[in-house]
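Heavy-atom basis, side chains included; hydrogens, waters and symmetry copies ignored.
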Amino acid sequence: MTAGTGWSRRRFLHLAGAGAVAVGLGGCGASDGDDSATGQAGGTLRILANDGSTNDSLDPLRLERSFQILAAPLIYEALVDLDEQLLPQPRLAEKFETTDGGKTWTFTLRQGVTFHDGSPLTPADVVASISRALDPEAGSGNSLAGQLDKILLPAGIKAVDDRTVRFSLEQAYVFFPNAMATRFARIYKAGTTDFAKPVGTGPFTFVSLTPGREFVAQRNPNFWRNQVTLDRVVITNVADDSSRVSSLLAGDADLVFEISLAAAPDIKNSDGYTILEQANARWLAMGLDGTVAPFDKPDVVKAIKLALDRQQIIDNALGGYGTIGYDTPIAAQDKWFANLPQPTRDVAAAKQLLANAGYPDGLDLPAVVGLSDEPATMAFLQVAQQQLKEAGIRFEIKPESGATYWDNSWLKVASYSNTYLRRHPDEIMKLVFLSSGTWHQSKLKDAEIDQAINAAGQTTELDQQVAAYSQAQRLIAERDTTVVPAHFPRLSGLSTKVKGVKTNPVSFLEVDQAAVA
């Protein structure tokens with residue numbers, strides 16, 4: 001099996017399958033330039049994010065927040081890109097191939113690619129970058145180590161010659177190229193230990209980073225892929241959603257990344273601005289630690305799920321945007337969906353389950369820590385609080401900003417809520433639902449779920465992959481403590497003055513070809 005200039009959909013289907021996650025963005029705003037979208041350089045693209053932190057870093061293994069995830073791909077690149085269908089396409093690798101069903105993968109690097117300091121990209125850089133990523137202690141945000149746990153060891157990464165890297169896996173893994181496209185698989189110079197002034201191969205070079213406030217990058221005149229059109233990109237952190245929208249409509253920003261669903265009408269109804277919608281790009285999650293009371297009682301978890309009115313959550317918390325969730329990360333519109341029965345609300349049945357679990361008078365849950373930077377999360381918790389109360393299930397909401405949430409509460413407290421990006425099922429199921437998963441929320445060990453998830457990555461037959469993921473979804477919905485009430489779109493607001501921005505399932509935005517319309 002080979003991949004040259006890119007894998008066609010038909011060619012890759014029987015090896016890895018595909019799952020749509022993103023749509024192309026029609027354009028974004030820019031300023032300080034009057035060049036057309038013909039490739040002539042000029043202008044500064046001003047982007048507003050909302051979750052910057054004083055802990056922000058551009059270490060590729062510490063990319064936890066949107067502020068960082070928007071900035072990093074301007075500097076760094078990976079061996080592989082994922083297209084809109086989550087199919088792997090060559091980037092720094094000119095081609096990649098496997099000849100033994102997915103146990104050995106060979107990547108050939110492009111010629112003429114240089115780092116920002118002028119040094120050439122070499123296999124040694126790839127070996128060093130991916131080897132470091134396999135260490136789960138190397139970065140707090142790094143999930144690649146979990147995704148490749150027991151699949152790839154550092155000793156299995158070899159530089160064959162001056163352009164070739166070979167990955168010898170411990171077992172066949174047909175989705176390995178997808179893993180090489182994740183944000184934690186980006187390539188930097190071998191020997192790098194300090195990322196304060198990062199050096200990559202990407203379309204922009206580093207200018208400055210003020211953690212929690214601002215990131216600035218300028219055009220890389222030696223970018224290998226094409227002529228970068230923008231002079232600069234500035235990403236500014238503005239936590240308040242209404243302030244970000246106001247800045248956009250006042251002409252002080254060009255793109256507001258990930259606005260609240262409630263803010264969409266103000267932008268949509270303003271001349272010169274539009275909404276970018278990526279359907280089912282996110283899913284709501286309430287993480288419950290299944291090893292601690294009361295979530296260690298399956299009837300309690302089932303009662304929580306039965307007490308939720310999921311359509312009401314979409315209507316009242318998500319402004320009518322979104323689709324019903326089936327307590328797994330796979331949306332009903334996805335090709336991988338297992339055709340699970342639609343969850344319906346049954347308050348009487350929820351009360352009976354609580355009584356069976358020893359709570360005939362209801363119970364008080366631990367406070368649910370909600371990621372306050374995500375309006376959808378907070379709105380969901382407020383609606384869920386009222387719905388569960390009707391079944392005798394009470395809890396307090398504890399808002400916490402992303403500056404501390406990911407370090408202090410996520411995966412650490414008994415109950416918490418946030419959203420996740422839609423990903424290929426191999427990646428997200430391994431991260432969140434595998435017993436050894438890096439982001440394993442329930443903390444429950446279930447060999448059958450593990451077997452179903454792992455089986456999909458070991459077969460080249462698409463129908464077998466679908467069957468394995470379907471079995472995993474059924475088991476997760478029945479046994480896991482994670483609650484997924486809805487999937488909803490990512491909405492961003494933008495000026496219509498600039499064209500040429502695209503999305504990438506991993507890096508969110510590609511802006512090197514943006515220019516004033």
Side-chain angles (χ1 to χ4, degrees), residues 19-28 48-51 66 70 84 240-242 244-246 248-249 255-270 273-286 305 308-337 340 342-345 370-387 397 399 402 417-423 428 482-496 501 503 505 508-509:
V21 68
V23 296
L25 304 191
C28 73
L48 298 186
N50 72 335
D51 62 354
S66 297
L70 285 167
E84 294 177 0
D240 182 68
D241 191 61
S242 61
R244 294 188 302 131
V245 172
S246 296
L248 175 71
L249 298 181
L255 186 147
V256 177
F257 184 73
E258 203 147 7
I259 61 170
S260 70
L261 300 172
D266 290 338
I267 297 174
K268 189 174 182 179
N269 296 328
S270 298
Y273 301 92
T274 188
I275 295 293
L276 306 175
E277 179 177 347
Q278 294 173 260
N280 292 326
R282 283 191 174 275
W283 47 283
L284 281 167
M286 181 185 286
K305 293 180 177 181
L308 292 175
D309 185 329
R310 296 166 194 241
Q311 187 59 52
Q312 188 181 73
I313 290 170
I314 293 170
D315 294 339
N316 294 353
L318 302 180
Y321 291 94
T323 59
I324 288 175
Y326 292 70
D327 297 318
T328 85
I330 311 301
Q333 295 73 26
D334 199 298
K335 69 186 297 294
W336 303 103
F337 182 60
L340 300 175
Q342 181 168 311
T344 56
R345 193 182 195 215
L371 181 57
S372 60
D373 300 334
E374 294 179 345
T377 296
M378 301 310 298
F380 154 61
L381 288 178
Q382 291 165 5
V383 174
Q385 185 181 52
Q386 296 305 311
Q387 291 179 349
I397 302 171
S417 184
N418 54 268
T419 69
Y420 289 102
L421 293 175
R422 188 180 183 187
R423 293 173 169 86
I428 197 61
T482 300
V483 181
V484 182
H487 302 255
F488 66 101
R490 175 192 286 128
L491 303 182
S492 296
L494 69 151
S495 165
T496 57
V501 175
T503 56
F508 297 163
L509 297 175

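A distance of 11.0 Å separates CG in N418 from CG in D373, rounded to the nearest 0.5 Å. The CD atom of Q312 sits 11.5 Å away from the CG atom of L318 when rounded to the nearest 0.5 Å. Note that the CD1 atom of I397 and the OG atom of S372 stand 12.0 Å from one another [nearest 0.5 Å]. The NZ atom of K268 sits 8.0 Å away from the CD atom of E277 when rounded to the nearest 0.5 Å. Taking CZ from R422 and CG from D334, the interatomic distance works out to 4.0 Å, rounded to the nearest 0.5 Å. Rounding to the nearest 0.5 Å places OG of S492 at 7.0 Å from CD1 of I259.
In the model, N280 has a side-chain atom that pairs as donor or acceptor with a side-chain atom of Q333 under 3.5 Å. Defined by atom type and a distance below 3.5 Å, a donor-acceptor pair is present between the side-chain atoms of S260 and D241.
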- Message: Y326 vs Q342, test: side chain to side chain contact (heavy atoms under 4.5 Å, CB included). Steps then yes/no.
- Response: CA-CA 7 Å; Y326 292 70; Q342 181 168 311; 3.7 Å; yes
- Item | Audit row: H487, I330, side chain to side chain contact (heavy atoms under 4.5 Å, CB included) steps and yes/no | CA-CA 9 Å; H487 302 255; I330 311 301; 5.8 Å; no
- Task: Step by step, work out the side chain to side chain contact (heavy atoms under 4.5 Å, CB included) result for D327 and T482.
- Result: CA-CA 7 Å; D327 297 318; T482 300; over 6 Å; no
- Query: Stepwise, does the side chain to side chain contact (heavy atoms under 4.5 Å, CB included) test hold for T274 with I267?
  - Reply: CA-CA 6 Å; T274 188; I267 297 174; over 6 Å; no
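Scanning all heavy atoms of the two residues, the minimum distance from G370 to T377 falls at CA-CG2, 4.3 Å. Residues A279 and P489 come closest through the heavy atom pair CA-CB, 4.0 Å. Between S495 and L248, the shortest heavy-atom distance links the atoms N-CD1, 4.0 Å. Counting all heavy atoms, side chain and backbone alike, L276 lies closest to L255 at CD1-CD1, 4.5 Å.
With contacts defined as side-chain heavy-atom distances shorter than 4.5 Å, the pair N316/Q382 does not qualify. Side-chain contact check for Y273 versus T496: every heavy-atom pair is 4.5 Å or farther apart. Within the 4.5 Å cutoff, side-chain heavy atoms of L491 are placed close to those of L261. Contact check for F488 versus W283: no side-chain heavy atoms found under the 4.5 Å cut-off. With a 4.5 Å cut-off on side-chain heavy atoms, L308 and I313 count as touching. Put simply, the side chain of E258 does not reach to within 4.5 Å of the side chain of D51, judged on heavy atoms. In this structure, the side chains of M286 and L381 come closer than 4.5 Å at one or more pairs of heavy atoms. Annotation: side chain of L421 is in contact with side chain of R490 (closest heavy-atom distance under 4.5 Å).
The closest donor-acceptor contact from the side chain of R345 to the backbone of Q387 lies under 3.5 Å. Side-chain atoms of T419 never come within 3.5 Å of backbone atoms of L284 as a donor-acceptor pair (strictly under, hydrogens ignored).
Between R310 and D315, none of the side-chain N atoms (NZ, or NE/NH1/NH2) sits under 4.0 Å from a carboxylate O, so this pair counts as no salt bridge.
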